[in-house]
Amino acid sequence: MPPPRTREKALRHRLAELRGPEVPAKALDARALAALAANPGCRRRAILDGAGVNKAVLADALGSPSVFGQSQFAFVRGNAFEAKVKADGGTELLRLAYEKLDRAAEPPADARVPDLTAQGPRGRTARTELALREATEAPGAWTLLDHPMLALEVAGSPAFLEPDAVVVHPDGSWTVVEIKSFPMLDGAADPAKVGAAARQAAVYVLALERVAARLDPAPRVRHRILLVCPKDFSNLPTASAVDVRKQRAVTARQLDRLTRIEEIADTLPEGTCFSPELPAERLTQAVEAVPATYAPECLSACELAFHCRDRSRAQDAVTRLGRPVRAELGGLTTVGDVLAAARGEAGDPDDPAVAALRRAAALRAEALETAALLEVAPCP
Ligand code: SF4
């Protein structure tokens, strides 16, 4: 087996070929990394992200443009809310951190807010690490890091990530802060949006853990993050502590798998290329050469969702009905198979999924029959 450096170089070369000549690599950000956790089994997404393919541009070239991105209005509103939360040296934000996460500590007063400006992402990452080290080595006070920069090694290259904030508690532990502009109504927000925020925060937690591991003693990175949102229909901030242990574990597993994209790349036919310059037909062939596991969750997490959904429909695949339904259907992989099994035309009657479908079909027929009888029955 060639030495690791040679292998890494060969992999980089292969990934550059897949991306296309002269096509710059798209850097991975926290949103992209978090989306990996939304659909952990998708090899298509893994290889495209690993090769630095711009999936939004690819989706355009395939003729199924994505609808990702914030409106200008939402962007401005989000920025204004974040500025409000962090105003006055982060007084309100730290109060929320104290109230939701660390009641046993001294209430925040005269918190430190170090200047994190530096040249380029590497400079900002080094500056953030220094600020975290200084805050942790001098505990007893609250410290707020406003837009720190963290690096996470993904498939051999660093991804630079910028959380909204990181709080260093008086005991030296660290908390990730996510500030979102969707409302928290009566203390609860839309679970899908909270889930997406938790997956994103889990990526920051992983990156912070890498920094913590370089310190001696390593500070604790808290697995409950602080999610700050507008309260009800106002512009006042409120917060909730969100446990991201599960999302952190899934993302960590996914990132480990990403480093093995070499295996996926090896299965692709010679000449496979995802360059948006190629004709749509060739591009479609290249994309179809990598297996995908489409699920409705892709619609809110991946730029290729419309393309993959169309293919999934064309193949009559049950995956488009959602993971829970897919899991219930066992070996039945197409809607046609399911209907045939329900009608008794195909399938093994001893298969629990087939038996359940036949029972459901019989109950439905019975219910329709009863409804028809009631409709024609004369009034008493
Ligand atoms: S949209 Fe397609 S490529 Fe993206 S995660 Fe879903 S199945 Fe994979």
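Position 1 is the first residue of the sequence, and the numbers go up from there. Indexing begins at 1, ligand by ligand and atom by atom, following the structure's order.
Those atoms of ligand 1 that come under 4.0 Å of a heavy atom in Thr293, given as number and element, are 7 (S).
Within a 6.0 Å radius of CD in Glu106, no more than 12 heavy atoms belonging to other residues, nucleotides or ligands are found. Taking a 6.0 Å sphere around CG of Asp115, one finds it holds more than 12 heavy atoms contributed by other residues, nucleotides or ligands.
Atom 4 (Fe) of ligand 1 has Cys302 SG as protein N, O or S atoms under 2.8 Å away.
Residue pairs meeting the side chain to side chain donor-acceptor pair (under 3.5 Å) criterion with at least one partner in residues 330-353, sequence neighbours excluded, are Thr334-Asp337, Arg343-Glu345. Judged as a ring-ring contact (aromatic ring centres under 6.0 Å, His included), the pairs with a partner in residues 167-198 (not counting sequence neighbours) are, in order, Trp142-His169.
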Without placing hydrogens or testing angles, list every side-chain donor-acceptor pair under 3.5 Å for residues 218-228, not counting sequence neighbours.
residue: Arg222; atom: NE; partner: Ser173; partner atom: OG; Å: 2.9
residue: Arg222; atom: NH1; partner: Leu101; partner atom: O; Å: 3.3
residue: Arg222; atom: NH2; partner: Ser173; partner atom: OG; Å: 3.2
residue: His223; atom: NE2; partner: Glu209; partner atom: OE2; Å: 2.7

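Considering all non-hydrogen atoms of both residues, Val23 and Ser275 come closest at CG2-OG, 4.0 Å.
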